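Before any comments, here is the structure.
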Amino acid sequence: MSVAAIGAGTGSKQNEPPQKTGRAWLPYLLLLPAGLWLLLFFALPLVQLGATSLYDPTGSLSTGYAMTWSFGNYPEALDAYKWHFLRSLGYAAVATAICLLLGYPLAYAIAHRAGRWKNVLLVGVIAPFFTSFLIRTLAWKTILSDNGPLVEALRTLHLLGADGRLLATPTAVIMGLVYNFLPFMVLPLYASLERLDQRLLEAAGDLYAGPVSTFWKVTLPLSMPGVVAGTLLTFIPATGDYINAELLGTPREYMIGNVIDSAFLVRLDYPQAAALSFLLMAVVLLVVFVYVRRSGTEEIL
Amino acid sequence: MSGDLRLTNVTKSFGPFTAVDDLTLTVPQGAFFALLGASGCGKTTTLRMVAGLEEPSAGQVTLGGTDITRLRPYQRPVNTVFQSYALFPHLSITENVAFGLRRKGVKNVAPQVEQMLSLVQLDDFGGRRPHQLSGGQQQRVALARALINHPQVLLLDEPLGALDLKLRRQMQIELKRIQTEVGITFVHVTHDQEEAMTMADTVAVMNDGRIEQLGAPAEIYEFPATPFVANFLGQSNLLAGTGGLARSGDDLSITAHGSRFTVPAARSRATGDKIYLGVRPEKLHLVTSEADVPSGFQHLTGTVTDSSYVGVSTQYLVRTAWDTELSVFAPNSGLGGSLPPGAEVTVAWNPAHAFLLDRLDGAGDATHALVEERA
Ligand SMILES: Nc1ncnc2c1ncn2[C@@H]1O[C@H](COP(=O)(O)OP(=O)(O)O)[C@@H](O)[C@H]1O
Ligand SMILES: [Mg+2]
């Protein structure tokens, strides 16, 4: 898709009469509102948060916080909560993988097999957004509850022990993450599979590729932009999520989001909360960077 | 023969619409076979049924005696050059060409790919991506990608449709050369009659899901089987005959617009009473008076209404007494001058060049080429 964009760009450049260059400021004007918005509500708070993370760790709300450039806040916070970081990355990775496995066939079916039901199914994918994240997760609490029908059924089938439970386990947290972030996986995958030229699949079949090798050699590589976008859109918010662990797990399942949440709102340890926020951002950026670089070398169009 | 491709009573319907209607034809092994017809007549559908991309509603497709009607595309020893090329955008030219071999489990593909790229004269392009090539180059990659598998039959769906005229002529010659070199059966779909005639050993003219005529290009051109063929493959002057045929020796005679004309009995495909007398425009000669009509020729008179100079020939329209405009192509051989519009002329032809066809009841004279559409 970047290719098409580049192609279109050079094409219009060639056809453009020279006086058009006088309007070079136009794109910047269009960027201005969003730019101002980002400056006010993203860049400035970020700077403030960065400053907070370097405040004196012994300060409190009553005594006030002094800027002491305490870089030590970072190693301290990391050391105290490294398991929460690892758990967050692990849960998010597993949830992302499950979302991909569930979302890919779904997106493929909607894009190529749904016929006139396409729009209905797409609305179905988006429908959960019509209610709040919190309410949906609370609903899961009911579904997974110890005397709910799901647990009963699993016990009857001996897939769960007689006193086995779903709620308050890592499984429940991951199921919640999968449920809540599945649309973020499906929509980019759908957009990318929708553009997939069916004639290329026919060509692969004509060239002795059976359904399985057509998938691995043509369908999957051509939908990689959707896979990358979908996994990032799922993985990034899932890593920082705290609602699922809060409602469906116990402190043993708490993720880094829960720690930040309590540092900010319960323990009122602002320097540590800010340092953890920055650490989370750094970890996520690092993971994303490595991931994009690696899938980038696989020559995505 | 052993490797013949045979379609037997093949029909393909899409809902109530019949795209291919009870089609039967045989493509001999090693032939360059052209399927010629206007857009929408069912050419692509026919090819897709041979490739396995479409399942016939009825009938049978056999290749070398084996029934392949229900085989999946990847199980057939048939490859296609698609109208849209359908090159894999995420693979290099080399990998596009190697695709089929790799799927068949061939280990060392490099020498074959190299050889194939050189056959289509793209030696140095292996590392590029499809979008970095011109239309003509992409077309050759599509050809190489199919040919490298040495299929028993190569299907080409208007592969030259997107090319400009010059490149098209060049590629026609190239395709013909390659076909002669590799000896694979080519089934070439086109709506360009000139392309079909210059390239193919055998041409099948399709109309509305059926084959109207099948034969060598010259044979079809010189003696078309139906009014459709007469005016789709080139152009013909078809005059509506009245009354039946009368036979005298080896000749048949027919009355059209009050005059009697004769045609050798061997040049008649007429089976009923409604008949067309046909003559190709270039078989008509213009002379200034009836005295100049060569002996043994037939003639009628008219007025020149239009002349267009097209280089090798001048194309005249001659209006007859009954208001039909005949087309006459006069070669610009330097003999005889040009005739101005308004000139009274005599149109003469050798009866051996005329032909008789069945005419639909109520159909009048037909002297215009059918408009060629792009498929
Ligand atoms: N999948 C399809 N569904 C419905 N109609 C089709 C389909 N494919 C082709 N047709 C119809 O069948 C006819 C023949 O199509 P096609 O074989 O593509 O023609 P050609 O290649 O000669 O231009 C056309 O009228 C087309 O609209
Ligand atoms: Mg077609």
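Each chain gets a letter, A, B and so on, in the order its sequence line appears, and its residues count up from 1. Because the structure is a prediction, the values reported are computed rather than measured.
- Between chain A and the residues B/Arg72, B/Gln75, B/Arg48, the largest count of heavy-atom pairs under 4.5 Å involves B/Arg48.
- Cation-pi check for B/Arg103 over B/Phe99 is met; the charged atom lies under 6.0 angstrom from the ring centroid and within 45 degrees of its normal.
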For side-chain hydrogen bond (donor to acceptor under 3.5 Å, both in side chains), just list the numbers for A/Tyr291 and A/Thr231, CA-CA rounded to whole Å, side-chain angles, deciding distance to a tenth of an Å, and then say yes or no. CA-CA 10 Å; A/Tyr291 176 64; A/Thr231 46; 2.8 Å; yes
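- When each of B/Leu53, B/Leu155, B/Leu91, B/Leu101 is checked for heavy-atom pairs under 4.5 Å with chain A, B/Leu53 comes out on top.
- Note: A/Phe184 and A/Phe129 meet the aromatic proximity criterion, with ring centroids under 6.0 Å apart.
- Residue contact with chain B, scored on non-hydrogen atoms closer than 4.5 Å, involves the backbone and the side chain of A/Asp206 alike.
- Contacts of B/Arg145 with chain A are made by both backbone and side-chain atoms, with heavy-atom separations under 4.5 Å.
- Heavy-atom pairs under 4.5 Å with chain A peak, among B/Pro77, B/Ala146, B/Ala86, B/Gly52, at B/Ala86.
- Judged as a ring-ring contact (aromatic ring centres under 6.0 Å, His included), and not counting sequence neighbours, B/His150 has no contacts.
- Scanning for side chain to side chain donor-acceptor pair (under 3.5 Å) contacts around B/Glu174 gives an empty result, with sequence neighbours left out.
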